[in-house]
There are 4 protein chains.
Amino acid sequence: MPVDPIQEQLIQARRNQILDAATTAFAQKGYHRATIQDVAKVAGIAAGTIYNYFENKTALLMGILERLNETERRDDDMSQMLKMDSHTFTQHYLRRRFEVLTQNGFEIFQIVLSEVLIDSDLRAIYMAQVIEPTFALAENYYAQAVGSGKIRSDADIALMLRLTSATVVGILVLRILGDREIVGKWDQIPDLLTTMMLDGILPPKGDV
Amino acid sequence: MPVDPIQEQLIQARRNQILDAATTAFAQKGYHRATIQDVAKVAGIAAGTIYNYFENKTALLMGILERLNETERRDDDMSQMLKMDSHTFTQHYLRRRFEVLTQNGFEIFQIVLSEVLIDSDLRAIYMAQVIEPTFALAENYYAQAVGSGKIRSDADIALMLRLTSATVVGILVLRILGDREIVGKWDQIPDLLTTMMLDGILPPKGDV
Amino acid sequence: MPVDPIQEQLIQARRNQILDAATTAFAQKGYHRATIQDVAKVAGIAAGTIYNYFENKTALLMGILERLNETERRDDDMSQMLKMDSHTFTQHYLRRRFEVLTQNGFEIFQIVLSEVLIDSDLRAIYMAQVIEPTFALAENYYAQAVGSGKIRSDADIALMLRLTSATVVGILVLRILGDREIVGKWDQIPDLLTTMMLDGILPPKGDV
Amino acid sequence: MPVDPIQEQLIQARRNQILDAATTAFAQKGYHRATIQDVAKVAGIAAGTIYNYFENKTALLMGILERLNETERRDDDMSQMLKMDSHTFTQHYLRRRFEVLTQNGFEIFQIVLSEVLIDSDLRAIYMAQVIEPTFALAENYYAQAVGSGKIRSDADIALMLRLTSATVVGILVLRILGDREIVGKWDQIPDLLTTMMLDGILPPKGDV
DNA sequence: CATGAATGAGAGTTCATTCAT
DNA sequence: GATGAATGAACTCTCATTCAT
């Protein structure tokens with residue numbers, strides 16, 4: 001069956017419309033409490049129509065996760081970043097991560113994270129497809145950075161990267177939880193985090 | 001109506017038995033997918049009995065959260081910690097936090113976190129009763145530490161504390177998600193984190 | 001409105017195409033489990049098109065039944081058969097019935113029978129239009145046969161005919177159920193049945 | 001878990017109550033058209049209660065079939081029948097089969113037959129557990145009868161038995177379809193059938 | 001006349017909650 | 001206080017039917 005490109009576009013548009021609605025509905029009530037009717041109502045279509053585009057409710061969740069993945073991957077021309085010094089690199093890296101978070105809307109992470117904590121199948125997918133790639137580039141960079149003496153050689157790179165990423169994840173969680181400091185100073189965070197991570201919270205040695 | 005203390009103890013024992021079962025059941029299947037029958041089966045009692053001790057299913061979740069609070073608060077004689085230097089204090093503080101996490105079992109955070117991300121009422125309670133107190137002591141200490149020049153005075157204390165806590169939260173999330181680095185090196189994390197936070201990931205100045 | 005005969009033929013062709021598809025689809029999944037989409041797919045047309053030719057799903061079933069009727073009636077020039085002796089007549093009659101069954105495909109009886117057992121409206125139609133006519137001719141013949149002494153006069157003709165027809169129906173059912181003896185020896189059955197019915201299963205009197 | 005015999009009886013009673021209701025409801029509307037609500041209404045209980053006793057709607061059908069099996073098997077002390085002459089044996093056998101049909105109520109066969117024609121899984125079960133055993137005894141007897149010269153030795157026993165059983169099945173079908181002759185003379189059928197099968201419909205040789 | 005996306009009523013099924021025992 | 005059978009509202013999903021294109 002030859003694919004009509006216009007048909008294909010219409011189908012994609014409808015799928016996106018439904019996924020947008022699902023994101024909204026799931027974020028408001030949570031995946032389980034939100035019904036297909038809720039999603040349909042938000043999308044402004046009949047409930048049955050959703051099943052012309054998605055096999056079942058779970059597929060909606062998967063669809064949201066897939067779209068998230070695409071966004072995550074869509075960028076990251078990191079070739080230049082490897083030439084930067086530690087500070088600039090870290091700064092760029094964190095800014096980029098925060099942009100991705102901000103652009104996607106936090107709802108999407110709210111949904112995905114809360115389900116991922118519960119559903120072990122989803123968890124495996126999420127780890128492999130979202131979390132791990134988030135580590136990948138930095139891991140590559142830091143390995144080189146250690147080699148060239150930019151970073152302390154006694155460090156456990158793998159673990160330290162987890163801690164760094166954990167910080168980003170944790171900030172996201174606190175943001176979703178509604179912490180006012182985090183929400184209010186969202187844009188300053190990447191740079192503050194850069195400083196904190198590179199130099200620590202102690203006063204500069206020379207200052208004492 | 002005077003309360004019979006023995007009756008009271010029996011009631012508390014039964015409540016705890018049910019909450020333990022609920023924790024187990026919710027952790028396995030998630031709050032929504034776990035049924036009251038599941039909880040009852042784990043507890044070794046009839047489903048109806050649960051309703052003699054808890055108003056409804058939501059109350060089970062609240063009960064779990066309350067018990068978590070009690071644990072969090074049960075300790076923390078921090079009076080001595082205020083006399084410590086920055087490194088020792090931070091180390092103590094992080095070790096303490098990780099102990100609490102480990103002792104409670106991660107399941108409980110898995111349950112609470114996933115629901116808290118969804119349910120805005122629960123979220124408000126959780127923020128006020130669990131997250132905020134976790135900040136409180138440190139906030140107090142660091143304010144003093146800045147005053148006495150132990151910490152760089154240009155820092156945004158409130159925000160920096162959020163970032164620190166975010167790291168702990170994020171580590172917990174990654175642990176729940178099953179990250180192998182985090183799981184394998186769990187016990188080393190508090191100390192590594194202490195170093196990283198205080199000194200940063202840059203090599204010591206003198207090394208260059 | 002004068003009917004364009006070419007139009008009429010096209011319509012009939014399309015109706016037959018759809019009924020063929022419906023027969024196939026219904027036989028595979030059963031009337032209820034087969035969807036209009038299934039029928040459309042087998043027919044190679046769109047689902048909506050079916051509704052240009054049939055009022056609803058039930059009408060498809062009726063259409064199948066009607067076509068069955070036409071086949072049943074299409075032949076049966078029985079004028080010569082009345083001149084035959086009992087054995088030849090019975091043999092011809094049974095062979096003819098089995099041909100009809102075989103030609104139509106058993107699927108059609110599978111569909112019709114299963115629905116007829118359930119739907120009382122359909123049942124009335126089926127009785128009046130299919131079963132009863134099947135009796136008619138034979139009834140006529142046997143009445144004459146009794147009159148001329150070819151058949152025992154103490155017999156209850158009407159009932160005996162039902163039993164004979166019942167045998168044919170039952171054989172069909174067993175065939176649909178997949179009985180191996182019946183399936184394997186299908187072609188021998190009319191003649192065996194002729195012998196059995198006329199002479200019984202007892203050994204010939206003279207043999208003893 | 002030790003089984004409380006009174007509990008067990010109550011459960012069986014409720015199961016039977018539900019199966020009775022299901023038989024009624026399915027016979028009226030057919031298995032597919034009858035809803036669980038219909039069954040519940042007939043049984044005078046809530047729809048959900050049915051699911052405490054049967055896994056799903058299919059299990060209701062299976063339950064009906066199982067009860068039918070039990071009835072079929074409940075009897076048949078055929079040891080004496082083997083001593084009978086052909087006529088008495090056949091008469092007893094057919095009478096017995098008709099009794100079973102009559103006692104169970106025709107609805108049950110209406111339901112089972114119509115589903116069995118459609119569902120190939122069910123068909124296999126039905127063949128193995130209901131139809132085949134119905135053949136078994138007779139097959140045994142007739143084999144002996146042929147050996148002792150009571151039945152013509154040129155007969156294909158296996159096939160002839162199918163034809164006999166087919167007749168019973170066919171009579172049942174015609175009865176369900178509402179044929180008046182069959183319904184009206186139901187009780188005479190076994191004996192008439194006996195005569196017809198043994199002696200054929202031809203007039204006795206000596207009569208000519 | 002053909003199409004097939006959209007519809008929404010209605011089905012089977014689950015499960016929190018109640019209450020007679 | 002403990003039980004667990006009964007309840008029925010609410011959910012997901014299916015599919016006959018319609019109708020704009």
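Letters A, B, ... are given to chains in the order of the sequence lines, protein chains preceding strands, and every chain is numbered from 1. Quick caveat: nothing in here was measured; it's all calculated off a predicted structure.
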Chain D contact limits on DNA chain F, taken 5' to 3' with a cut-off of 4.0 angstrom to heavy atoms: F:dA5 to F:dG8
Minimum heavy-atom distance D:V42-D:A25, with the two atoms named: CG2-CB, 4.4 Å
Separation of E:dT3 P from A:L10 CG (nearest whole Å): 19 Å
Over all atoms of both residues, closest heavy-atom pair of B:Q110 and A:L117: NE2-O, 2.8 Å
Audit row: D:I118, C:H32, side-chain contact (heavy atoms from CB on, under 4.5 Å) steps and yes/no: CA-CA 10 Å; D:I118 283 169; C:H32 280 100; 5.9 Å; no
Sugar-phosphate, base or nothing in reach of B:I45, heavy atoms under 4.0 Å: sugar-phosphate
Pair assignment for DNA chain F - dot-bracket with | for other-strand partners, Watson-Crick or G-U under 3.5 Å: .||||||||||||||||||||
Any D:Q37 side-chain nitrogen or oxygen under 4.0 Å from OP1 or OP2 of E:dT13: no
Phosphate contact (E:dA11 OP1 or OP2) by D:T35 side-chain N/O below 4.0 Å: no
Minimum heavy-atom distance B:Q37-B:A47, with the two atoms named: NE2-CB, 3.8 Å
Plane angle bin for A:F26 and A:Y31 - parallel if under 30°, tilted between 30 and 60°, otherwise perpendicular: perpendicular
Derivation and outcome, salt bridge (charged side-chain N to carboxylate O under 4.0 Å, His left out), residues D:R33 and D:D38: CA-CA 9 Å; D:R33 275 189 268 268; D:D38 289 334; over 6 Å; no
Distance test, side-chain N/O of B:R33 to OP1/OP2 of E:dT14, below 4.0 Å: no
Test side-chain contact (heavy atoms from CB on, under 4.5 Å) applied to B:L113 and A:L113, step by step: CA-CA 9 Å; B:L113 198 50; A:L113 198 50; over 6 Å; no
Closest nucleotide among E:dA16, E:dT13, E:dC1 to the B:K57 side chain: E:dA16
Gap between atoms NZ and P, on D:K29 and E:dG10 respectively (whole Å): 12 Å
Residue pair D:I50 / D:I36: nearest heavy atoms and the distance that separates them: CD1-O, 3.8 Å
For atom CZ of D:F26 and atom C1' of E:dG12, their distance in whole Å: 12 Å
Touch class at under 4.0 angstrom, heavy-atom based, for B:A34 against every strand present: sugar-phosphate
Value in whole Å for how far the P atom of E:dT3 lies from CD1 of C:I50: 10 Å
Protein-nucleotide distance (D:H32, atom NE2; E:dG10, atom P), rounded to Å: 18 Å
Spacing of B:I36 atom CD1 relative to E:dC15 atom C1', expressed in whole Å: 9 Å
CD1-CD distance between C:I64 and C:E115, expressed to the nearest 0.5 angstrom: 10.0 Å
5′-ward residue of the pair A:Y53/C:R14 relative to DNA chain E: C:R14
Residue whose nearest DNA chain F nucleotide is more 5′ - C:T58 or A:E55: A:E55
Residues A:N104 and A:R67: side-chain donor-acceptor under 3.5 angstrom: no
Which residue lies more 5' along DNA chain E, comparing D:N52 with A:A46 via nearest heavy atoms: A:A46
Sugar-phosphate, base or nothing in reach of C:F54, heavy atoms under 4.0 Å: nothing
